[in-house]
Amino acid sequence: MDISLPLDQIQSSFKFACSLINPTVFKQKFRLSDEFSLGRRRCRAPIAKFRCAFLDQGLRPRPMPKPREKEENNLKENGYLEERKLKKPNLGVGICSQIEKLVLCKRYNEALELFEILEINDDIDVSFDTYDAAVGACIALRSIRGVKRVFNHMLNSEVELDLYMMNRVLLMHVKCGMMIDARHLFEDMSERNSVSWNTIIGGLVDSGDFFDAFRLFLMMWEDSSNVCSRTFTTMVRAAAGLELISPGQQLHSCALKMGATEDVFVSCALVDMYSKCGSIEDARFVFDMMPEKTTVAWNTVIAGYALHGYSEEALSMYYEMQDSGVKMDHFTYSMIIRVCTRLASLQHARQAHAGLIRNGFGYDVVANTSLVDFYSKWGRIEDARNVFDRMPRKNVVSWNALISGYGNHGRGAEAVDLFERMVDQGMVPNHVTFLAVLSACCHSGLSDRGWEIFESMHRDYKVKPRAMHYTCMVELLGREGLLDEAFALIGSVKPTINMWAALLTACRVHKNFELGKYAAEQLYGMGPEKLSNYVVLLNIYSSSGRLDEAAAVLQTLKRKGLRMLPACTWIEIKKQQYVFFTGDKSHPQTKEIYVNLDNVKLQLSKHGYVPQRNNLLPDVDEREESMLLHHSEKLAISFGLISTPSSTPLQLAQSHRICNDCHNAIKLISTVYKREIAFRDGSRFHYFKEGRCSCGDYW
DNA sequence: TTAGGGTTAG
């Protein structure tokens, strides 16, 4: 970060940095609409221009009130005028003040309903205060209909809006996502202040039009009197949205020179920007420099660590935050519970759960959803259910988390029940819901129900099945041995690697070598340079006893210089990483490890765990095969990642998830290459991305 | 009058 430049140099370099943003590229990238030109015109009567824009959109305001002169003369003649004059202000003032009161009480819907009365009574004078309240209701409800109604009324009444009200109207359009109208409004404003600029730029950033936001900011920069700390906050968010550190750094420099970094909002935005742009060190630097660290500042830096997979650092910051005495909020707990899920730390998660309740956030939907996810992922589905049942409000993510949990526990019927209950309660399922419930059906062998749900996805819920749903169905059909149906399903869509892989697995299980070979070749054809595709092809050949063809694949591999790395698992214990390859005996405590593994194997068998034998590999003895097959779960158990040695589907699934263990590849490579090709490739160790068990991409 | 941080799957 170069922050030593003089201000004028910073300004010019900032402009240069922004000019580097190629409009064409950005328009393509962000699918921007036609270039937004900011007119220099000034309109003396802005409301007249709004009317034109309004009519251009095909909207027709109600007829203007007719002159009442004739009517009043008639009334005067009949002696009614005095009565009317008395009634008019009473009715109008009553409704208007009622609207204002309803908005104050946050009864926005009722306020807008009452506003309808104003529409049908032309003779009620509406004050700015009432319009302001109605605008507030529209913003709170994000009601486009409300915006049209209130704005229409303003147009009809021909009221001259002052700058404050113009900004409110602008904000109303921005908040309701009506950015085209907002742009027209902004363009036609005869007077603008920093609020007007910040509002429109903020709207552009919120709607993802980062490039337009930068362009407008540069225009604003020309008249720097309008630029304030809130502008920097918004623009830093734009840089974060673009994930471009260079404009972010320039903004940081400008903000420093203008003293804007003293604003806690700017600093928080900078912390967020640096972490989103991949520089957690700079994020931490900005955080450390903050004289006053607010809850949001702590949350932002914790979120930054969590985003980059630094779960332990995130947890450590969480405890530092606790020690600092800063109040934690529902954001803090949501994040930290998610971090605990990654760390598989029941102890910390329980503490966070207790803190959540103790500090009065026990009803927060997001934090509770994190808890449901945590408990269901770590073998405590009943705890997950308890948390879920006690949630006063649930959103689709909460339902998805629990359905997914039941599915992973092999409790498919309960997952389906939950899905049906969710629909009964009026919750709209999304593509994640269907993935969870289809996957649950798949793991529990509920093929008919799975197929029914799959068919209803688009028909009843208008959720178009994606590739992952088709993959799930291929797996489901494949498990049932319906290989031709699975093949036909793949043929009905654009096949993906995962679909062929699922079919290949089914073919191996059901010994359909011809179709399996075809699937493997398709897989091979979709990514010829990917080692994993050679491995599965090699696997299918050797599995079907076609050793010559398997040898040919090996030759191809050799010719292309692709090396197969042996399967490995690595584990971090107290910041020390331990790496194990298949059949590895190089660790100084190998003897103890294998004794432990044998104990685990014994305990597993006592719990009824029967290793799945692979009858396609004749030259591997049973002991070795069993060891290879369950390498990951045994390691996970022996290092305490799985609390008890049992064979519940969840625990096995978790161990595979942690160790990313690919059984077939391990077996194949250890069979074909034996131990002598096992080597430690130091360059692969950079996959220690999250410091937990992981496996290289080359599988 | 405008602003910063969070959940499911992949």
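This is a predicted model, so every value here is computed, not measured. Order of the sequence lines sets the chain letters (A, B, ...), proteins ahead of strands, with each chain counted from 1.
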Regarding [X], tell me which of base, sugar-phosphate or nothing describes its non-hydrogen contacts under 4.0 Å with the strands shown.
{"X": "A/Asn198", "value": "base"}
{"X": "A/Ala436", "value": "nothing"}
{"X": "A/Thr332", "value": "nothing"}
{"X": "A/Lys394", "value": "nothing"}
{"X": "A/Arg466", "value": "nothing"}
{"X": "A/Asn368", "value": "nothing"}
{"X": "A/Ser370", "value": "sugar-phosphate"}
{"X": "A/Asp162", "value": "nothing"}
{"X": "A/Asn167", "value": "base"}
{"X": "A/Val271", "value": "nothing"}

Looking only at the side chain of [X] (C-beta and beyond, no hydrogens), which of the listed nucleotides [options] gets closest?
{"X": "A/Thr295", "options": "B/dT1, B/dG4, B/dG5", "value": "B/dG5"}
{"X": "A/Arg230", "options": "B/dG4, B/dA3, B/dT1", "value": "B/dA3"}
{"X": "A/Val397", "options": "B/dT8, B/dG5, B/dA3", "value": "B/dT8"}
{"X": "A/Asp272", "options": "B/dG4, B/dT1, B/dT8", "value": "B/dG4"}
{"X": "A/Lys377", "options": "B/dT2, B/dA9, B/dG5", "value": "B/dA9"}
{"X": "A/Leu435", "options": "B/dT8, B/dG10, B/dT7", "value": "B/dG10"}

Q) Taking everything shown except A/Ile180 itself, do over 12 heavy atoms lie less than 6.0 Å from its CD1? A)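 Counting neighbours around CD1 of A/Ile180, 12 or fewer heavy atoms of other residues, nucleotides or ligands fall under 6.0 Å, so no.
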
Q. Is atom OH of A/Tyr319 surrounded by more than 12 heavy atoms (other residues, nucleotides or ligands) closer than 6.0 Å?
A. yes

(Q) Once hydrogens and angles are ignored, does a donor-acceptor distance under 3.5 Å link the base of B/dT7 to the side chain of A/Arg338? (A)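 No.
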
**Q.** Presence of donor-acceptor pair under 3.5 Å, side chain of A/Thr369 and base of B/dT7
**A.** yes

Gap between atoms [atom1] and [atom2], on [X] and [N] respectively (whole Å):
{"X": "A/Asn395", "N": "B/dA9", "atom1": "CG", "atom2": "P", "answer": "14 Å"}
{"X": "A/Tyr318", "N": "B/dG5", "atom1": "OH", "atom2": "P", "answer": "21 Å"}
{"X": "A/Asn430", "N": "B/dA9", "atom1": "CG", "atom2": "C1'", "answer": "9 Å"}
{"X": "A/Phe232", "N": "B/dT2", "atom1": "CZ", "atom2": "P", "answer": "21 Å"}
{"X": "A/Phe186", "N": "B/dT2", "atom1": "CZ", "atom2": "C1'", "answer": "12 Å"}
{"X": "A/Met328", "N": "B/dG5", "atom1": "CE", "atom2": "C1'", "answer": "14 Å"}

Q.
For a ring-ring contact (aromatic ring centres under 6.0 Å, His included) check, start with the C-alpha distance between A/Phe374 and A/His353, then their side-chain angles and the critical distance, and finish with the verdict.
A. CA-CA 10 Å; A/Phe374 174 86; A/His353 188 175; 9.4 Å; no

Q) Ion pair present between A/Glu420 and A/Arg449, side-chain N to carboxylate O less than 4.0 angstrom? A)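 Salt bridge between A/Glu420 and A/Arg449, a charged N being under 4.0 Å from a carboxylate O: yes.
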
Q) Can we say A/Arg385 and A/Asp389 salt-bridge, meaning some charged N sits less than 4.0 Å from an Asp/Glu carboxylate O? A) yes

Q: Walk me through it: do A/Val236 and A/Phe265 pass the test side-chain contact (heavy atoms from CB on, under 4.5 Å)?
A: CA-CA 10 Å; A/Val236 171; A/Phe265 281 81; over 6 Å; no

